[in-house]
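I have placed the structure first, in the form of structure tokens, so that the comments after it can refer back to it.
In what follows, chains carry the letters A, B, and so on, assigned in the order in which the sequence lines appear, proteins first and then strands, with residues in each chain numbered from 1. Just the heavy atoms: all of them, side chains too, but no hydrogens, waters or symmetry mates, feed the values below.
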Number of protein chains: 2
Amino acid sequence: MSWEKSFDVDTALEKSMQVFWSKGFESASITNLIEETGVNRGSLYNAFGSKRALFVKSLLKYDQEYRKTTLAKLEALDQPSQAISRFFDDLVISTVEDTEHKGCFLFNTVLEAQQHDAEVNAIVANGLREIEGFFRRCIEVGQVRGEIRQDIQPESKAKAMLALALAIRVLGRGAYHESALNVIAAEAKSIIA
Amino acid sequence: MSWEKSFDVDTALEKSMQVFWSKGFESASITNLIEETGVNRGSLYNAFGSKRALFVKSLLKYDQEYRKTTLAKLEALDQPSQAISRFFDDLVISTVEDTEHKGCFLFNTVLEAQQHDAEVNAIVANGLREIEGFFRRCIEVGQVRGEIRQDIQPESKAKAMLALALAIRVLGRGAYHESALNVIAAEAKSIIA
DNA sequence: AGCAGCTTATACCGATCAGTATAACAAAAA
DNA sequence: TTTTTGTTATACTGATCGGTATAAGCTGCT
């Protein structure tokens, strides 16, 4: 090898993720990505191949950095009831602090995903499945420990929680304000109350 | 006046609505609209003015024909508990029968809406408010009649129902299948059980 | 020194975008 | 019959799209 890349690929990917996150795949143009990353057109294509490949890498980075780590941290608490409660508290905080109204990259892609390929759909489907799994495990462990009532169906309630989380993030992009989002979050938390 | 329009404006609007519904505003091209409506380019612009104006008319038509009439029919039942139950049953049926995965035009636009103007946002916000209002009124009337428990907060539960309805329609566009949608619908119905 | 490989800027490709212009045509009203 | 008005097909505008090509410059290895 003769030379190392002189721009930071990770930084460029981080910037690309922000662009796709806020604009979506279709609305984000190569020009947007070039301006935001500061990387030359040719270098971008040399490093990532295509717009779609860059999108996939961006989505995977988001999935890794946000979805995965968020759930892992909450699950590491080893306090299932509180983990669920904290999840929705943090979700509303994130949404309210999201002044750009970007929403959640994963949830945004659910809607855009129908026009994407199988690879993107698989990433999204896996992300949703793992969020649902997080809720389910919280409920199950909570039931074992007697924190959560036994008559609650973990699978059903986990699906309802995922649905409410999605709605909070989608409605939080502009249609609903903080007070309404808090109401929905409270309803989500009350599922295991 | 010298001559009447020789193409049916309502039919063209119906077709346009279908195009915007399935593709969204950005992804729907004028060429798509011309092909689908069968109306000439010039005539389309003469009749509707612009792509955005045609989108607004399409969204209003959807709001009138689907959202408004669906809620009105259910409310006319004058059986609040059943109306809510039927709402979610019909929602899942619509979603499952929606083999094109178009989803709900109104909910789809919630996500796309951030990049739209105030007019579109107002239509969407009004639609959401009326759906929520439908749920709230059903609960309130149900409580007056003793069908629904008094300790249920109509406003909060109505918001939760709207959120779950949105999620069903969004997830139904490909991420979730019928069985999972039925689970979420059952959870929505169980709110007043 | 010279090669290799990545950088940059810039220009270009064909395609598509929303929207406009033009001209021939058709039908109803004057 | 002439005027009016909306129809059609077609061509065009300028802009942007994703992606490629090219040429000159920079850096590190041999």
B:Phe48 CZ - D:dG6 P separation (whole Å): 14 Å
Separation of atom CD in B:Glu35 from atom P in C:dT16, rounded to whole Å: 11 Å
Shorter than 3.5 Å, N or O on both sides, protein versus nucleotides 19-22 of chain C: list them out with atom names.
| unit_1 | atom_1 | unit_2 | atom_2 | d |
| --- | --- | --- | --- | --- |
| C:dG19 | OP2 | B:Tyr45 | OH | 3.1 |
| C:dG19 | OP2 | B:Lys51 | N | 3.0 |
| C:dG19 | N7 | B:Arg41 | NE | 3.3 |
| C:dG19 | N7 | B:Arg41 | NH2 | 2.9 |
| C:dG19 | O6 | B:Arg41 | NE | 2.8 |
| C:dG19 | O6 | B:Arg41 | NH2 | 2.8 |
| C:dT20 | O4 | B:Arg41 | NE | 3.4 |

Whole-Å distance separating the CD1 atom of B:Ile34 from the C1' atom of D:dT8: 12 Å
Partners meeting side-chain hydrogen bond (donor to acceptor under 3.5 Å, both in side chains) with B:Ser27 (sequence neighbours left out): none
Carboxylate-amine/guanidinium contact B:Asp78 B:Arg145, below 4.0 Å: yes
Pairs flagged by salt bridge (Lys or Arg N to Asp or Glu O under 4.0 Å) wherever residues 46-65 of chain B is involved - sequence neighbours left out: B:Glu14-B:Lys61, B:Arg52-B:Asp117, B:Lys61-B:Glu65, B:Asp63-B:Arg67
All ring pair (Phe, Tyr, Trp, His ring centres under 6.0 Å) counterparts of B:Phe48, not counting sequence neighbours: none
Spacing of A:Asn46 atom CG relative to C:dA4 atom P, expressed in whole Å: 17 Å
Spacing of B:Phe55 atom CZ relative to C:dA18 atom P, expressed in whole Å: 13 Å
Nearest-Å distance for atom pair CG/P, residues A:Leu44 and C:dA9: 12 Å
Under-4.0 Å side-chain N/O to phosphate OP1/OP2 contact, B:Ser29 with C:dC17: yes
Distance below 4.0 Å between A:Ser43 side-chain N/O and C:dT7 OP1 or OP2: yes
Residues in ring pair (Phe, Tyr, Trp, His ring centres under 6.0 Å) contact with A:Tyr62, at least two apart in sequence or another chain: A:Trp21, A:Tyr66, A:Phe105
Salt bridge (Lys or Arg N to Asp or Glu O under 4.0 Å) contacts touching residues 159-168 of chain A (sequence neighbours left out): A:Glu132-A:Lys159
